[in-house]
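Reviewing the structure listed below.
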Amino acid sequence: RQALEEMRALYERNQADVSEAKAGRTDLIFLIRFRHCCLLRNQRCIVAYLYDRLLRIRALRWEYGSILPNAIQFHMSAEEVEWFNRYKKSLATYMRSVGGEEGLDLTQDIKPPKSLYIEVRCLKDYGEFEIEDGTTVLLKKNSQHFLPRWKCEQLIRQGVLEHILS
């Protein structure tokens, strides 16, 4: 916001000096060019900041999944939330288009798995959790389970489960 206010002030001063320069004061041309260079620099800085923020928001989709925690979403503007939702839909459409009828979940394995099943500890009460074979597991705080990695990756990223390294 400060950079935008500074840019607005520089622009207004340049507009006033341009009209004077057109009237014959050629000594203002260097000042006008200097201010214009300052405007371009501030513009590049703002665009770089916004691009970095966009990359971070994109990384949030891969880290937290399709639903962001309220604490993170609180610090995002409405436009950023809208961009996140469009990216989420675009990624979901792509994942459905590859990998056959069911699609391919690209977000399930961030790191290549060493085994198909892992031991996890539940960090908070979650309730019943259904595995693909139809069995349900009650995820209660401090309980330990041996579950398929791909089914609990998302819950690990959300902070519900913790991978126990033996």
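Note that these values count all heavy atoms, side chains included, but never hydrogens, waters or copies made by symmetry.
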Side-chain touch [X]/[Y], heavy atoms, less than 4.5 angstrom:
X: Met7; Y: Leu39; result: yes
X: Tyr126; Y: Leu161; result: no
X: Leu138; Y: Ser143; result: no
X: Leu155; Y: Val120; result: no
X: Arg8; Y: Glu5; result: yes

What are the two closest heavy atoms between [X] and [Y], and how far apart are they?
X: Gln144; Y: Glu119; result: OE1-OE2, 3.2 Å
X: Lys124; Y: Gln158; result: NZ-O, 4.4 Å
X: Leu68; Y: Gln73; result: O-OE1, 3.9 Å
X: Cys122; Y: Lys140; result: CB-O, 3.1 Å
X: Arg53; Y: Met76; result: NH2-CA, 4.1 Å
X: Asp17; Y: Leu28; result: O-CD1, 3.9 Å

Does atom [atom1] of [X] have more than 12 heavy-atom neighbours from other groups under 6.0 Å away?
X: Ile67; atom1: CD1; answer: no
X: Asn70; atom1: CG; answer: no
X: Gln15; atom1: CD; answer: yes
X: His163; atom1: NE2; answer: yes

Counting only N and O atoms by type, is there a donor-acceptor contact under 3.5 Å from the side chain of [X] to the main-chain atoms of [Y]?
X: Gln154; Y: Tyr64; answer: yes
X: Asn85; Y: Val81; answer: yes
X: Thr93; Y: Lys89; answer: yes
X: Ser90; Y: Tyr87; answer: no

Is [Y] reachable from [X] through a run of hydrophobic residues whose side-chain heavy atoms are each under 4.5 Å from the next?
X: Ile164; Y: Leu123; value: no
X: Phe129; Y: Ile156; value: yes
X: Met95; Y: Leu60; value: yes
X: Leu10; Y: Leu31; value: no
X: Leu50; Y: Leu54; value: no

To the nearest 0.5 Å, atom SG of Cys38 lies from atom CZ of Arg41 at 8.0 Å

dist Asp125:CG -> Lys141:NZ (nearest 0.5 Å) comes out at 7.5 Å

**Item:** Sidechain N-carboxylate O distance under 4.0 Å for Glu153, Arg157
**Value:** yes

